[in-house]
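The chain is numbered in sequence order, starting from 1. All values reported here derive from a predicted model rather than from experimental measurement.
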Amino acid sequence: MIDKKGKVWLVGAGPGDIGLLTVKGKEVLESAEVVVYDALVSDEIAALIPSSAKKINVGKRANHHLVPQEEINQILLEEALQGNRVVRLKGGDPFVFGRGGEELELLVANNISYEVVPGITSAVSVPAYAGIPVTHRDYTSSVHIITGHARKGGVSRIQYDALVKMNATLIFLMGIGALEEICKSLMEAGMNPDTPAAVLERGTSAKQRRVIATVASLKEEADQAVIQTPAIIVVGEVCSLADSFAWMEKQPLAGIQVVVTRPKEKSSSLTGKLRARGAHVIEMPAIQTTTITQEKEVERFVQSLDKIREVSGEQWILFTSPKGVESFFSLLAVTKKDMRQLYTAGVKFGVVGNATRKELRLHGIEADYMPEIYCGKELAKGLIEVFGQNPYITLYRAEVGTEDIVEVLEKNQIAYQDVAVYHTQYLVDEELVARIGTGIENETVDYVMFTSASCVKAFTSCLTGMDYSKIKAVCIGEQTAEIASKYGMQVRVSKMATIDSMVECVSR
Ligand code: SAH
């Protein structure tokens with residue numbers, strides 16, 4: 001017997017742009033145990049669903065298989081009865097033509113607790129992103145949101161006469177299939193055929209498009225533009241403002257959708273900078289790094305410190321990533337070792353690049369050496385020239401690191417120890433991977449950002465069997481680029497190994 005009942009949150013995901021998900025919606029989603037979502041939920045937002053959560057897709061648009069409403073209601077009930085925190089994630093607002101009310105009925109009947117988190121409805125936000133204010137004092141005093149789908153026995157239930165008399169802004173959801181009929185009926189009910197009207201496709205997404213016409217010409221122009229769903233129809237004088245108010249396409253990276261493959265805790269600055277320029281970003285952390293914890297590994301770490309103190313001659317500690325630095329210091333803390341013991345060995349520090357140098361600074365140490373080109377090979381090569389007598393090198397890095405540093409050291413017969421301080425794990429979120437695969441295939445994904453060679457390997461190991469030549473890869477350095485090229489990707493290498501320099505590689 002399960003005595004703890006779960007709870008359901010009915011959450012509006014907004015129209016697609018991740019920035020339009022509410023703060024509360026995001027919080028609830030990030031702590032969900034089960035997420036039941038439909039086709040309207042964008043990839044950007046789907047990427048927020050914790051990988052630990054059970055994901056139930058009830059709106060598979062691609063194969064036209066839709067889970068019947070009764071079944072969705074039943075799923076929500078059952079998952080809640082199992083004691084789960086269930087999020088029912090819906091496009092736009094759950095109560096605006098979202099059947100949210102129907103989903104609550106069964107929960108109420110079974111005494112399941114729930115909350116409703118409203119979302120930004122496409123009805124007003126999609127026009128806003130196309131430069132159409134749904135009301136404007138000079139043009140209109142009311143807005144009507146109408147379903148273009150509501151028919152009984154093929155007869156429209158829409159009262160066109162009433163709508164035309166209101167002199168209002170009319171917004172039709174689910175109306176593309178009935179576009180011709182809607183326009184014709186409005187004109188038959190007395191609407192001026194020159195009234196401005198619009199079809200707005202995939203609003204708020206990177207690929208949003210708009211067709212601005214008149215009620216008389218809208219159907220023909222939408223056909224010419226080969227409008228796809230989801231799309232809304234807007235009728236009213238306010239549509240004439242679109243061309244002067246449109247703002248989204250003016251952003252430097254408008255229309256661009258990017259996948260960021262960095263580990264989650266590191267991705268925010270890259271993602272933030274891309275979004276600030278108007279790009280849409282799907283975060284798909286392909287790897288996860290964790291500091292070592294196993295007894296044997298930690299013992300090996302302690303031994304490496306002893307070794308540094310024992311060996312005579314010049315001592316260098318090398319870090320090839322910020323994570324290496326972070327793990328090194330957290331291991332010092334865990335093992336209660338004192339940094340000053342290493343100072344007696346007169347140790348010097350070498351770092352691969354700026355980010356690693358910054359991380360080291362956080363611990364009060366200014367690096368003694370950093371190569372001009374940020375890669376392991378250059379680090380080792382450059383050091384050969386600055387080394388004094390009998391150098392002894394300790395590398396603190398990932399369990400599986402690249403071979404190039406040690407190759408240089410070995411070639412030059414320099415003694416070293418290679419110590420693992422963290423593990424790199426590939427993260428596979430099949431649902432997200434499938435979405436991104438489709439995005440690459442149908443060209444809604446424009447770029448994939450790779451900040452390390454292991455990100456490329458992890459990414460390709462998830463997306464097996466696809467044609468990688470469709471991928472425009474932005475790589476942080478030559479080493480990463482080399483691997484991406486091997487997979488046949490179209491590669492751009494950032495001039496410098498910095499996030500800003502990577503952002504500069506993304507263009508329209
Ligand atoms: N609850 C949703 C509406 C669900 S009905 C809301 O509040 O937005 C589904 C209809 O919404 C689609 O047929 C389409 O007309 C509209 N729609 C949803 N998202 C859209 C988007 N991003 N761009 C254009 N239309 C959208």
Open item on the list: Name the residue from V474, V258, V259, I436 that meets the side-chain contact (heavy atoms from CB on, under 4.5 Å) definition with V448.
Closed with: V259

TODO: Could you tell me whether the side chain of S501 and the main chain of S494 form a donor-acceptor pair under 3.5 Å?
DONE: no

TODO: For atom CD of E220, decide whether the heavy atoms of other residues, nucleotides or ligands shown that lie under 6.0 angstrom number more than 12.
DONE: no

TODO: Locate the shortest heavy-atom distance separating V41 from G91; write the atom from each residue and the value.
DONE: CG2-N, 4.3 Å

TODO: Check T290, T424, T289 against K323 for a side-chain contact (heavy atoms from CB on, under 4.5 Å) and give me the one that passes.
DONE: T289

TODO: Give a yes or no answer on whether the side chain of T169 reaches the backbone of V134 with a donor-acceptor pair at less than 3.5 Å.
DONE: yes

In a table with atom names and distances, give each donor-acceptor pair under 3.5 Å that connects a side chain of residues 122-132 to protein atoms at least two apart or in another chain.
unit_1	atom_1	unit_2	atom_2	d
S125	OG	T121	O	2.8
Y129	OH	D17	OD2	2.8

TODO: Start with the C-alpha distance between V34 and V87, add both sets of side-chain angles, then the distance that settles side-chain contact (heavy atoms from CB on, under 4.5 Å), and finish with yes or no.
DONE: CA-CA 6 Å; V34 178; V87 167; over 6 Å; no

Task: Donor-acceptor pair between D446 and Q257 side chains, under 3.5 angstrom - done: no

Task: side-chain contact (heavy atoms from CB on, under 4.5 Å) between R209 and I227, intermediate numbers included - done: CA-CA 8 Å; R209 291 197 301 160; I227 284 292; 4.0 Å; yes

Task: Distance-only polar pair, side chains of S321 and R397, donor-acceptor under 3.5 Å - done: no

Task: Beyond-backbone contact of V234 with L170, side-chain heavy atoms, under 4.5 angstrom - done: no

TODO: Answer yes or no: is there a side-chain heavy-atom contact under 4.5 Å between V116 and F95?
DONE: yes

TODO: Could you tell me whether the side chain of K90 and the main chain of G98 form a donor-acceptor pair under 3.5 Å?
DONE: yes

Open item on the list: Regarding S330 and S327, do their side chains bring together a donor and an acceptor under 3.5 Å, going by distance alone?
Closed with: no

TODO: Look at the aromatic rings of F329 and H363 and report parallel, tilted or perpendicular, splitting at 30° and 60°.
DONE: parallel

Open item on the list: I'd like to know if the side chain of T460 reaches the main chain of V456, judged simply by a donor and an acceptor atom lying under 3.5 Å from each other, with no hydrogens or angles considered.
Closed with: yes

Open item on the list: I'd like to know whether NZ of K219 has more than 12 heavy-atom contacts from other residues, nucleotides or ligands below 6.0 angstrom.
Closed with: yes

TODO: Would you confirm whether R508, through its side chain, and P252, through its main-chain N or O, come within 3.5 Å as a donor-acceptor pair?
DONE: yes

- [ ] State whether a side-chain donor-acceptor pair under 3.5 Å links S507 with R492.
- [x] yes

Task: Gap separating the CD1 atom of I232 from the CZ atom of F172, nearest 0.5 angstrom - done: 11.0 Å

TODO: Would you mind reporting whether R277 and Q251 have side-chain heavy atoms less than 4.5 Å apart?
DONE: no

Task: Any donor-acceptor pair under 3.5 Å from Q208 side chain to T204 backbone - done: yes

- [ ] Scan V445, D43, I440 and name whichever one has a side-chain contact (heavy atoms from CB on, under 4.5 Å) with R435.
- [x] D43

Task: Atom NZ of K184 with >12 non-hydrogen neighbours under 6.0 angstrom - done: no

TODO: Check whether any side-chain N or O of E71 sits under 3.5 Å from a backbone N or O of P68 as a donor-acceptor pair, and report yes or no.
DONE: no

Task: Side-chain donor or acceptor of T229 paired with backbone N/O of A231 under 3.5 Å - done: no

Open item on the list: Checking side-chain polar atoms at under 3.5 Å, does Y37 have a donor or acceptor matched by the opposite partner on E431?
Closed with: yes

- [ ] Looking only at non-hydrogen atoms, find the nearest pair between A32 and A53 and report the distance.
- [x] O-CB, 3.6 Å

Task: Residue pair T444 / N442, side-chain donor-acceptor N/O under 3.5 Å - done: yes

Open item on the list: A side-chain contact here means heavy atoms from C-beta on lying under 4.5 Å apart; do I483 and K457 qualify?
Closed with: yes

Open item on the list: On a heavy-atom basis, which atom in P94 and which in L10 lie closest, and how many Å separate them?
Closed with: CB-CG, 3.9 Å

Open item on the list: I'd like to know if the side chain of Y114 pairs up with that of R88 as donor and acceptor (distance under 3.5 Å, no hydrogens or angles considered).
Closed with: no

Open item on the list: Just so I know, are the side chains of Y416 and V406 near enough to count as touching, which here means a heavy-atom distance under 4.5 Å?
Closed with: yes

TODO: Please indicate whether K358 has more than 12 foreign heavy atoms, meaning atoms of other residues, nucleotides or ligands, lying under 6.0 Å from its NZ.
DONE: no

- [ ] Say whether, by atom type as modelled, one donor and one acceptor occur between the side chain of N84 and the main chain of A80 under 3.5 angstrom.
- [x] no

Task: Side chains of M502 and T498 in contact at under 4.5 Å (non-hydrogen atoms) - done: no

Task: T261 OG1 to I287 CD1 distance, which is reported to the nearest 0.5 Å - done: 7.5 Å

TODO: Mind telling me whether F450 and F459 have parallel, tilted or perpendicular rings, with 30° and 60° as the class edges?
DONE: perpendicular

Open item on the list: Working to the nearest 0.5 angstrom, can you tell me the gap between N73 CG and I75 CD1?
Closed with: 9.0 Å

Open item on the list: Closer than 3.5 angstrom, by distance alone: can the side chain of Q490 be matched with the main-chain N or O of S469 as a donor-acceptor pair?
Closed with: yes

Open item on the list: Does K495, at its NZ atom, have more than 12 non-hydrogen atoms belonging to other residues, nucleotides or ligands within less than 6.0 Å?
Closed with: no

- [ ] State, without any angle test, whether H423 and Q288 hold a side-chain donor-acceptor pair at a distance under 3.5 Å.
- [x] no

Open item on the list: If the test is side-chain contact (heavy atoms from CB on, under 4.5 Å), which one of T293, V419, V421 qualifies with L331?
Closed with: V421

Task: Distance-minimising heavy-atom pair for M489 and A473 - done: SD-CB, 3.7 Å

Task: Closest non-hydrogen atom pair between M248 and A254, with its separation - done: O-CB, 3.3 Å

TODO: Report yes or no: do E326 and Y422 form a side-chain donor-acceptor pair below 3.5 Å?
DONE: no

- [ ] For atom CD of E478, decide whether the heavy atoms of other residues, nucleotides or ligands shown that lie under 6.0 angstrom number more than 12.
- [x] no

Open item on the list: If only side-chain N and O atoms count, and only distance matters, is there a donor-acceptor pair under 3.5 Å linking Y396 with T320?
Closed with: no

Task: Inter-residue atom distance L29.CG - I45.CD1, 0.5 Å rounding - done: 8.5 Å

TODO: Please report the shortest heavy-atom distance between V117 and G25, naming the atom on each side.
DONE: CG1-N, 3.7 Å

Open item on the list: Could you walk me through whether I56 and V35 satisfy the side-chain contact (heavy atoms from CB on, under 4.5 Å) test, starting with their C-alpha distance in whole Å, then the side-chain angles of each, then the deciding distance to 0.1 Å, before giving a yes or no?
Closed with: CA-CA 6 Å; I56 305 174; V35 181; over 6 Å; no

Task: Interatomic spacing from CG in D38 to CG in L89 - rounded to 0.5 Å - done: 7.5 Å

Open item on the list: Determine whether R210 and V199 satisfy the following criterion, side-chain contact (heavy atoms from CB on, under 4.5 Å), listing intermediate values before the conclusion.
Closed with: CA-CA 6 Å; R210 65 172 185 275; V199 167; over 6 Å; no

Open item on the list: Looking at E441, I'd like to know if its CD atom is crowded, meaning that more than 12 non-hydrogen atoms belonging to other residues, nucleotides or ligands lie closer than 6.0 Å.
Closed with: yes

Task: Qualifying residue, where the test is side chain to side chain donor-acceptor pair (under 3.5 Å) with H280 and the options are K207, R275, E44 - done: E44

Task: Residues that Y468 engages under ring pair (Phe, Tyr, Trp, His ring centres under 6.0 Å), provided they are two or more places apart - done: Y487

